[in-house]
K.L.:
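Before anything else, here's the structure in question.
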Amino acid sequence: MRTIYTAAFYLFLPLVILRLLWRSIKAPEYRRRLGERLGWYNNKVSDSVVWFHAVSVGEAEALFPLVKRIQQQYPSQPLLITTTTPTGSARVVAVSGDTVEHVYLPYDIPWAIQRFFAHFKPRLAVIMETELWPNLFTACARADVPLYVVNARLSEKSASRYQQIPWIIAPTLRTITKILTQSRQDADRFMSIGAQESQLEVTGNLKFEMEIAPGLREEGREIRSTVLGPRFVWIIASTHKPEEDLFLGLYQQLKPDYPELLMVLVPRHPERFSEVQKLIELRDLKCVTRTSGSVCTSVTDVYLVDRMGELKQFYAASDLAFVGGSMAPVGGHNILEPAALGVPVIFGPFMANFKEIEQKVLEAGAAIQCQDAQAIVDNFIKLKNDESLRHQLIDEGLSFIGRNQGALDKIVQHLSSSMARQSD
């Protein structure tokens with residue numbers, strides 16, 4: 001039955017490439033290195049790499065502590081990280097540099113995957129979260145490459161969708177050595193789509209294992225003192241359409257009563273930077289952009305971070321954070337990042353990609369969820385006027401993260417055991 005899937009992929013491949021080229025009109029990176037998506041690589045041939053795959057920025061951020069630990073334990077072992085999106089690629093290059101090899105993952109078509117395997121000869125495959133590719137996983141099995149899905153999660157919606165195609169999903173799952181899940185609920189959902197109990201282990205969520213890079217807080221303080229200034233800084237991070245317009249309206253609503261308020265706006269996708277800047281200008285708000293190199297003055301309304309890779313520094317420079325992707329049906333983004341940097345966190349109702357974290361963080365009183373725009377206003381006012389409440393959220397957030405760590409050690413143990421068995 002995988003033949004039917006492969007034939008369908010071949011049929012739609014021209015449309016996939018056309019969509020990629022269409023997206024490249026706004027984001028030229030999408031049309032660069034197109035050959036890598038088809039299994040053609042210009043970099044040197046590697047031998048026996050440990051291969052990690054992270055779709056985009058969020059998965060890459062969760063992956064970095066794991067990669068760093070493997071590098072520490074196996075300093076001579078060549079590592080490869082693949083991504084799917086240009087933003088994920090840029091983040092890998094920014095964080096790992098030339099300490100790892102990096103390319104785009106090829107499309108799930110046999111001849112592209114064969115070239116990928118011939119070029120890199122992976123000895124171990126580590127896939128982040130919820131990537132199930134039938135041809136890729138089958139290639140791992142045929143090449144006798146142990147395959148681990150780590151930090152694995154599966155939403156109810158995705159499980160229901162996979163249950164409709166058991167003829168392709170069940171054989172794909174059988175090729176996996178271990179599925180190391182974030183929660184028991186995720187493990188149960190993987191079983192509901194055909195995984196075996198023996199394949200599953202609940203190891204926890206790697207997103208709790210964030211390491212704060214040396215100097216990052218200092219960079220945040222430097223940005224605060226030299227760029228943003230002494231005002232109350234409210235960062236609205238990882239936003240999607242139409243969240244920017246919503247928060248610009250809220251800023252205009254709050255500004256008369258809080259003239260010291262400065263909004264820092266960080267769109268999730270670089271192709272939307274110019275679009276968001278136009279939105280700011282249409283509301284007749286005074287904007288300073290990161291790429292301009294200018295600094296905020298007393299009349300600046302919005303500081304637009306139109307450059308990738310600096311979100312954590314701007315979290316560290318802020319007094320209050322709202323994490324976007326949660327006021328639009330996107331599924332939310334990582335609310336743990338600002339909490340780990342000692343910033344009080346609020347977020348919206350659309351958190352499908354972080355359901356367990358959402359539930360636990362609210363139970364711990366470590367962040368505040370807002371169901372609508374009025375709730376955002378009410379909670380902003382409450383937090384702005386009550387410094388002790390902000391400090392309480394910060395303390396609860398840091399404590400919450402500390403209590404939920406441990407996934408990294410468990411996952412490293414599995415991967416180390418697999419590598420040791422190969423060496424015997």
Side-chain angles (χ1 to χ4, degrees), residues 1-2 4-5 8-9 12 15-16 19 53-63 83-85 87-88 105 108 127-134 136-137 149-176 179-197 199-208 238-243 268-269 323-336 347-363 367 369-372 407:
M1 300 302 285
R2 190 165 49 85
I4 297 174
Y5 161 83
F9 207 118
F12 286 104
L15 296 178
V16 172
R19 182 176 180 271
H53 175 65
V55 180
S56 193
V57 175
E59 294 82 3
E61 290 289 354
L63 174 64
T83 63
T84 301
T85 68
T87 51
L105 184 72
D108 199 33
I127 311 295
M128 287 290 290
E129 298 201 0
T130 318
E131 289 282 287
L132 302 177
W133 294 108
L136 185 69
F137 284 22
V149 180
V150 306
N151 215 44
R153 64 180 176 88
L154 191 64
S155 67
E156 291 181 16
K157 182 178 179 181
S158 294
S160 297
R161 190 164 61 243
Y162 284 137
Q163 285 168 354
Q164 296 172 19
I165 49 172
W167 50 273
I168 189 67
I169 292 301
T172 300
L173 290 169
R174 285 197 293 270
T175 65
I176 302 173
I179 304 171
L180 307 179
T181 68
Q182 296 181 14
S183 70
R184 183 67 246 176
Q185 292 93 332
D186 292 307
D188 291 341
R189 290 184 192 122
F190 272 101
M191 288 184 65
S192 76
I193 66 171
Q196 301 299 307
E197 179 72 44
Q199 292 177 286
L200 292 157
E201 183 176 326
V202 179
T203 50
N205 195 332
L206 277 174
K207 287 186 165 64
F208 287 100
S238 297
T239 56
H240 295 251
K241 187 176 183 178
E243 290 178 313
R268 181 71 173 182
H269 296 116
V323 181
S326 61
M327 290 303 292
V330 172
H333 291 299
N334 191 353
I335 60 177
L336 302 177
F347 60 95
F350 295 103
M351 292 290 287
N353 295 335
F354 294 86
K355 291 304 291 183
E356 185 191 16
I357 290 177
E358 173 193 30
Q359 178 185 347
K360 287 184 174 181
V361 80
L362 293 175
E363 289 173 354
Q369 187 172 43
C370 302
Q371 297 298 322
D372 53 33

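Being a predicted model, the structure only gives us computed values, none of them experimental.
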K.L.:
Under the side-chain contact (heavy atoms from CB on, under 4.5 Å) criterion, do Ile357 and Phe208 qualify, and how do the steps go?
P.N.:
CA-CA 10 Å; Ile357 290 177; Phe208 287 100; 4.1 Å; yes

K.L.:
So, Asn205 side chain and Gln182 main chain: donor-acceptor pair closer than 3.5 Å or not?
P.N.:
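Pair absent, no side-chain N/O of Asn205 close to backbone of Gln182.
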
K.L.:
With side chain to side chain contact (heavy atoms under 4.5 Å, CB included) as the test, pick out the partner of Glu59 among His53, Glu129, Glu131.
P.N.:
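For Glu59, the side chain to side chain contact (heavy atoms under 4.5 Å, CB included) test succeeds with only one of His53, Glu129, Glu131, which is Glu129.
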
K.L.:
Does atom CZ of Arg184 have more than 12 heavy-atom neighbours from other groups under 6.0 Å away?
P.N.:
yes

K.L.:
Give the C-alpha distance, both sets of side-chain angles, the deciding distance and a yes or no for side-chain contact (heavy atoms from CB on, under 4.5 Å) between Trp133 and Ile127.
P.N.:
CA-CA 10 Å; Trp133 294 108; Ile127 311 295; over 6 Å; no

K.L.:
For Glu356 and Ser183, which heavy atoms make the closest approach, and how far apart are they?
P.N.:
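Shortest heavy-atom contact: OE1-CB, 3.3 Å.
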
K.L.:
Closest heavy-atom contact between Ala152 and Val149?
P.N.:
CB-CG1, 3.8 Å

K.L.:
Could you give me the CA-CA distance, side-chain angles and deciding distance for Thr181 and Arg153, then say whether side-chain contact (heavy atoms from CB on, under 4.5 Å) is met?
P.N.:
CA-CA 6 Å; Thr181 68; Arg153 64 180 176 88; over 6 Å; no

K.L.:
Atom OG in Ser158, atom CG in Asp186: separation rounded to 0.5 Å?
P.N.:
10.5 Å

K.L.:
Say you draw a straight line from CZ of Arg268 to OG1 of Thr87; how long is it, rounded to the nearest 0.5 Å?
P.N.:
7.0 Å

K.L.:
Please name the pair of heavy atoms, one in Ala367 and one in Phe347, separated by the smallest distance, quoted to 0.1 Å.
P.N.:
CB-CE2, 3.8 Å

K.L.:
Can you tell which of Val323, Ile335, Val330, Leu362 makes a side chain to side chain contact (heavy atoms under 4.5 Å, CB included) with Met351?
P.N.:
Ile335

K.L.:
Is the side chain of Ser326 donor-acceptor paired with the backbone N or O of Gly348 at a distance under 3.5 Å, no angle test?
P.N.:
yes

K.L.:
Do any N or O atoms from the side chain of Asn151 and from the backbone of Leu206 form a donor-acceptor pair under 3.5 angstrom?
P.N.:
yes

K.L.:
Pair Ile193, Leu154 - check side-chain contact (heavy atoms from CB on, under 4.5 Å), show working.
P.N.:
CA-CA 10 Å; Ile193 66 171; Leu154 191 64; 3.7 Å; yes

K.L.:
For Glu156, I'd like to know if atom CD has over 12 heavy atoms of other residues, nucleotides or ligands within 6.0 Å.
P.N.:
no

K.L.:
Which pair of heavy atoms, one from Ile176 and one from Gln199, lies closest together, and at what distance?
P.N.:
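Closest approach of Ile176 to Gln199: O-NE2, 2.9 Å.
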
K.L.:
Can you say whether the rings of His240 and His333 are parallel (under 30°), tilted (30 to 60°) or perpendicular (over 60°)?
P.N.:
parallel

K.L.:
Carefully, step by step, assess Lys355 and Glu358 under the rule salt bridge (Lys or Arg N to Asp or Glu O under 4.0 Å).
P.N.:
CA-CA 5 Å; Lys355 291 304 291 183; Glu358 173 193 30; 3.0 Å; yes

K.L.:
Using a 3.5 Å distance criterion without hydrogens, assess whether the side chain of Ser56 forms a donor-acceptor pair with backbone atoms of Gly58.
P.N.:
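The answer is no, because no donor-acceptor pair under 3.5 Å joins these two groups.
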
K.L.:
List the atom of Pro349, the atom of Gln369, and the distance in Å for their closest heavy-atom pair.
P.N.:
CA-NE2, 3.6 Å

K.L.:
To the closest 0.5 Å, what do you measure between CZ (Phe190) and CD1 (Ile169)?
P.N.:
10.0 Å

K.L.:
Between Leu132 and Tyr162, is any pair of side-chain heavy atoms under 4.5 Å apart?
P.N.:
yes

K.L.:
Looking at CZ of Phe137 and CZ of Arg2, how far apart are the two atoms once the value is rounded to the nearest 0.5 Å?
P.N.:
12.5 Å

K.L.:
Distance from Met191 atom CE to Leu173 atom CG, nearest 0.5 Å?
P.N.:
11.5 Å

K.L.:
Might you point out which heavy atoms bring Leu200 and Ala187 nearest each other, and give the distance in Å?
P.N.:
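Minimum heavy-atom separation between Leu200 and Ala187: CD1-O, 3.6 Å.
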
